[in-house]
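Structure record follows, encoded as structure tokens.
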Amino acid sequence: PQLIVDIMPLLHDVLKDNAPMYMFCGSDKVDFFKQQVERYFTVKNIIVWDKGNHTAGDLEAQYGKRYEFIIYANKGRAPFMDGMPRYDDIWRYNRVSGGGQIHQNQKPTDLLSRIIRQHTHERDLILDPFMGSFATAVAAYKLQRDFIGFEIDDDYYAAGSQWLNDTMSQVSIFDLLQQN
């Protein structure tokens, strides 16, 4: 919890005015996270991410957790840029599991791409202070956004860097057609 307390003023300092912030958290920590976010940002929504299936957890004395909260907050006011009509606050994206999973809390790139498209233009800078699997960096790269992020775990850093490098080295047939 102290890391969240410490990072909030730093995020407020580095984010531009009228910028969005999204913070993922479980139901057991949403009150604490929301209190910390509200010290520096305006909470606009608490989005429910329906993961499509539940986690294991305590199989005998706990319901399976099928959802996660996403706190959507603004520094100022951050209107949507993607031209879509009003969204609702329940999002359905399958969680990452199995062989494609690098990090236990890995977010699906299609969910992250939605967030990035809603608030940024090409070449805008995306910040992820907890990169984990590098899913945000992969989504940002695919959408032609710049990114910066941090990960302190050497193993996650190595695996995430490899995934990002593999993604960046893939050649699209559309890129080849444009060159000719």
Side-chain angles (χ1 to χ4, degrees), residues 1-16 18-78 80 87-98 100-120 126-140 147-157 159-160 163:
Q2 188 61 44
L3 180 59
I4 300 305
V5 171
D6 292 343
I7 201 165
M8 284 299 127
L10 301 174
L11 291 174
H12 187 267
D13 287 348
V14 300
L15 285 175
K16 294 180 187 178
N18 302 315
M21 183 188 71
Y22 289 81
M23 179 174 278
F24 292 78
C25 64
S27 59
D28 58 334
K29 299 279 191 258
V30 70
D31 293 333
F32 169 76
F33 275 62
K34 184 175 179 276
Q35 289 171 357
Q36 298 310 310
V37 170
E38 285 178 324
R39 293 176 65 199
Y40 298 93
F41 300 92
T42 302
V43 173
K44 303 296 274 187
N45 291 92
I46 296 181
I47 299 163
V48 176
W49 167 30
D50 176 349
K51 298 179 180 186
N53 57 22
H54 59 78
T55 58
D58 181 349
L59 299 177
E60 296 177 1
Q62 181 182 22
Y63 295 104
K65 295 179 180 179
R66 181 186 169 110
Y67 66 92
E68 189 170 330
F69 290 117
I70 307 169
I71 299 172
Y72 164 53
N74 287 183
K75 178 181 176 180
R77 185 168 184 268
F80 300 128
Y87 294 103
D88 66 35
D89 59 359
I90 298 177
W91 296 1
R92 290 174 179 84
Y93 292 89
N94 290 336
R95 69 184 181 95
V96 179
S97 61
Q101 186 178 30
I102 294 172
H103 189 282
Q104 65 190 11
N105 295 320
Q106 185 169 335
K107 308 306 182 241
T109 55
D110 52 346
L111 183 153
L112 297 169
S113 294
R114 173 184 183 163
I115 291 170
I116 292 168
R117 277 193 311 273
Q118 286 175 190
H119 291 287
T120 64
I126 309 297
L127 169 65
D128 185 350
F130 306 103
M131 287 188 66
S133 67
F134 284 52
T136 302
V138 168
F147 53 87
I148 187 169
F150 311 98
E151 178 53 53
I152 60 172
D153 184 284
D154 291 337
D155 292 334
Y156 291 138
Y157 181 84
W163 180 30

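Since the model is a prediction, treat every value here as computed from it, not as a measurement.
The minimum heavy-atom distance between A139 and T109, with the atom names listed, is CB-O, 3.9 Å. Scanning both residues, I71 and C25, for their nearest heavy atoms gives CD1-SG, 4.0 Å. Nearest heavy atoms, D6 versus P9: O-CD, 3.4 Å. Residues A159 and I102 share a closest heavy-atom pair of CB-CG2, 3.5 Å. Between I116 and I126, the shortest heavy-atom contact is CG2-CD1, 4.1 Å.
Classified by interplanar angle (parallel below 30°, tilted 30° to 60°, perpendicular above 60°), the ring pair F41/H12 is perpendicular. Classified by interplanar angle (parallel below 30°, tilted 30° to 60°, perpendicular above 60°), the ring pair Y22/W91 is tilted.
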Self-check item: Verdict with reasoning, F80 to H119, per side chain to side chain contact (heavy atoms under 4.5 Å, CB included)
Solution: CA-CA 5 Å; F80 300 128; H119 291 287; 3.6 Å; yes
Quiz item: Can you list the steps and then say if Q35 with R39 is a side-chain hydrogen bond (donor to acceptor under 3.5 Å, both in side chains)?
Solution: CA-CA 7 Å; Q35 289 171 357; R39 293 176 65 199; over 6 Å; no
Exercise. Using the side chain to side chain contact (heavy atoms under 4.5 Å, CB included) rule, take F32 and I4 through it: C-alpha gap first, then chi angles, then the decisive distance, then the call.
Key: CA-CA 9 Å; F32 169 76; I4 300 305; 3.9 Å; yes
Quiz prompt | Q106/W163 under side chain to side chain contact (heavy atoms under 4.5 Å, CB included): CA gap, chis, key distance, verdict | solution = CA-CA 13 Å; Q106 185 169 335; W163 180 30; 3.7 Å; yes
Quiz prompt | Test log, rule side chain to side chain contact (heavy atoms under 4.5 Å, CB included), inputs K16 and N18 | solution = CA-CA 6 Å; K16 294 180 187 178; N18 302 315; over 6 Å; no
Under 3.5 Å, which donor-acceptor pairs link side chains of residues 56-69 to any protein atom two or more places apart or in another chain?
unit_1, atom_1, unit_2, atom_2, d
D58, OD1, E60, N, 3.2
D58, OD1, A61, N, 3.2
Q62, OE1, D58, N, 3.3
R66, NE, D50, OD1, 2.9
R66, NH2, D50, OD1, 3.4
E68, OE1, K51, NZ, 2.8
E68, OE2, K107, NZ, 3.3

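Put simply, CD on Q118 and OG on S113 are 11.0 Å apart, with the number rounded to the nearest 0.5 Å. Distance check: Q36 CD to I7 CD1 gives 12.0 Å after rounding to the nearest 0.5 Å. The CG atom of D128 sits 9.0 Å away from atom CD of E151, with the distance rounded to the nearest 0.5 Å. Between N94 atom CG and N53 atom CG the span is 6.5 Å, to the nearest 0.5 Å.
Using a distance-only test at 3.5 Å, with no hydrogens or angles considered, no donor-acceptor pair links the side chain of N45 to the main chain of I47. Counting only distance, with no hydrogens or angles, the side chain of N74 and the backbone of P20 share no donor-acceptor pair below 3.5 Å.
By the 4.5 Å heavy-atom criterion applied to side chains, Y40 and M21 are not counted as neighbours. Counting heavy atoms from C-beta on, the side chains of M23 and M8 come closer than 4.5 Å. Taking 4.5 Å as the limit, some side-chain heavy atom of W49 sits within range of a side-chain heavy atom of R95. Side chains of V138 and L112 form no contact here, defined as non-hydrogen atoms less than 4.5 Å apart.
Open room surrounds CG on D154; 12 or fewer heavy atoms of other groups in view lie less than 6.0 Å from it. More than 12 heavy atoms of other shown residues, nucleotides or ligands fall within 6.0 angstrom of atom CG in L3.
Ring pair F134/Y157: centre-to-centre distance below 6.0 Å. Remark: aromatic rings of F130 and H103 are distant, center separation not under 6.0 Å.
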